[in-house]
Amino acid sequence: MYTEKVMDHFTNPRNVGEISDANGVGEVGNAKCGDIMRIYLKVEDNIIKDVKFKTFGCGAAIATSSMVTEMVKGKTLEEALEISNQAVAEALGGLPPAKMHCSNLAADALHEAIKNYIENKGQ
Amino acid sequence: MKRVYLDNSATTQTHEEVAKIMVEYMTEKYGNPSSIHSFGREAHKAIEEARAQVATLLGANPNEIFFTSGGTEADNLAIKGVALANRKKGNHIITTAIEHHAVLHSCEFLEKEGFVVTYLPVDENAMVSLEDVRKAITDQTILISVMYANNEVGTMQPIREIGQLAKEKGIYFHTDAVQAVGSYPVNVNDDHIDLLSLSGHKFNGPKGIGALYVRRGVRIGSIQKGGSQERGMRAGTENVPGIIGLGKASELAGAEMDEKIKKLTGLREKLIEGIIAKIPDVKLNGHRTARLPGNVNFSFLYVEGESLLLNLDLKGVAASSGSACTSGSLDPSHVLLAMGLTHEVAHGSLRLSLGRNNTEADADYCLEVLPGILERLRSMSPLYASYAASASNPCSQCQRHG
């Protein structure tokens, strides 16, 4: 039911973990629905220098989290904000229809992290 | 790669002897049992023998066995068939919150037809209370339907006591025994059962065949209309190979019963004790002892069931989960929720169900690969991180998320 690319990111997820001195953290989903994604960012000079994630969820939730971290590393915040959930799913070669709704939230988590970074910076 | 099948509650391997005899009834003895020629008579005789084999397994009379396409059809026939035929007597049905969807959705259908249905709650072990059944009975109650053993968590219900109560009150008693028949000695007379659903493929028989036991004298109408097969109870040309296979599977199950229960119970205990010993933060779902011999069901806190299943599958272990992601809906298992589990704990459930082919080596292999998978998934889980940071006294009962 999952593409090879999804299974690759599920079995060998990239950038798992936390960043101790992260300057942007975003979390979406809730345990009730069965998916929680948390993204940690280290932003320097408007560039995402480092990104890591922690995810509780199904295969699609883990694979999309992994994929989004690969997609944004080295990008500017503006570029990162343009990445949509749809784009993450496409980069994985698609997701089963049922997963598009509930487990495809990685870009949202990324955007929350960027929002958090901007808020932190403003203070 | 090594493959270990631990999903025998979903379906089982068809017994070789069953498959062999079925082929004979497709390629050689392929007559229609309704035909009067020798081909037909041969098939007719064979299905009557199969009926007797199924009846023997249940302690019933052969003329109380009606073949269906499986457990789902048997449940539909029992519930709708009894309700619609007894409308004048009353409009109330009692069932439980943890039934199979074949029962629950049949009851919902009847609610739309004007019937009133009571869905009894269960306790934290998925056990129905006899007192709750007693209190739910009204002068309108025509049917009580309580499953013999739960398909997800394995809890075995107080069937004999409920049967006795129903008998005293003059109310028909149906049990969905799909998970129990063939894995546990079920006797319709000892348990005071009026109607019982069973399915062939759950005990090494073929898919697409099941039966409904109907005690002589029970008022029930047919649902499927057509020819007069199964004495008018179930129209349609008989699935002869399936019926012969079900008969054979029943005979074999009866002969192997004691041995199978002993073996499966041993493997079950090995898995339960092994998981508790090797993996922290787990919760056994279902009753500790009043439990199907082959059922193991745990919630592994901080992880989600589908990713657990995928990881097990990558190691060759086939299992199932009550997670929403594996059920195709947005909510986790209605059984786990009815037991009072929170959504997140229900999402992390894993069912390992044993069958006659499983070995000690299968259980050992599962116990060998499971801890590593849990460790990896938990290391990725934001729930685990916040838990580990704040908890100084890890508990195994999940009060934190209660």
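Residue numbers begin at 1 in each chain, while the letters A, B, ... track the order of the sequences.
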Quick check on A:A60 against chain B: is it the side chain, the backbone, both or neither that has a heavy atom closer than 4.5 Å?
backbone

If I measure from the heavy atoms of chain B, does A:I36 come under 4.5 Å with its side chain, its backbone, both, or neither?
both

Does some side-chain heavy atom of B:L314 sit less than 4.5 Å from a side-chain heavy atom of A:M7?
yes

Check whether any side-chain heavy atom of B:R376 sits under 4.5 Å from a side-chain heavy atom of A:P13, and report yes or no.
yes

Mark yes when over 12 heavy atoms from residues, nucleotides or ligands other than [X] sit less than 6.0 Å from its [atom1]; otherwise mark no.
| X | atom1 | result |
| --- | --- | --- |
| B:K315 | NZ | no |
| B:K2 | NZ | yes |
| B:Q13 | CD | no |
| B:E111 | CD | yes |
| A:E4 | CD | no |

Can any side-chain N or O of B:E306 pair as donor or acceptor with the backbone N or O of A:G59 at less than 3.5 Å?
yes

Return the NE2 to CG distance between B:H347 and A:D35, rounded to the nearest 0.5 Å.
7.5 Å

If you count heavy-atom pairs under 4.5 Å with chain B, which of A:Y2, A:F53, A:F10 comes out on top?
A:F10

In terms of heavy-atom contacts, B:S381 and A:K54 come closest through O-CD, 4.0 Å

Heavy-atom closest contact (A:G57 atom, B:S307 atom, distance):
O-OG, 2.9 Å

Output, in order, the C-alpha distance, side-chain angles, deciding distance and verdict of side-chain contact (heavy atoms from CB on, under 4.5 Å) for A:T11 and B:L310.
CA-CA 9 Å; A:T11 38; B:L310 288 171; over 6 Å; no

The test is side-chain contact (heavy atoms from CB on, under 4.5 Å); show your working for A:F56 and B:M380 and say whether it passes.
CA-CA 7 Å; A:F56 161 87; B:M380 292 171 61; over 6 Å; no

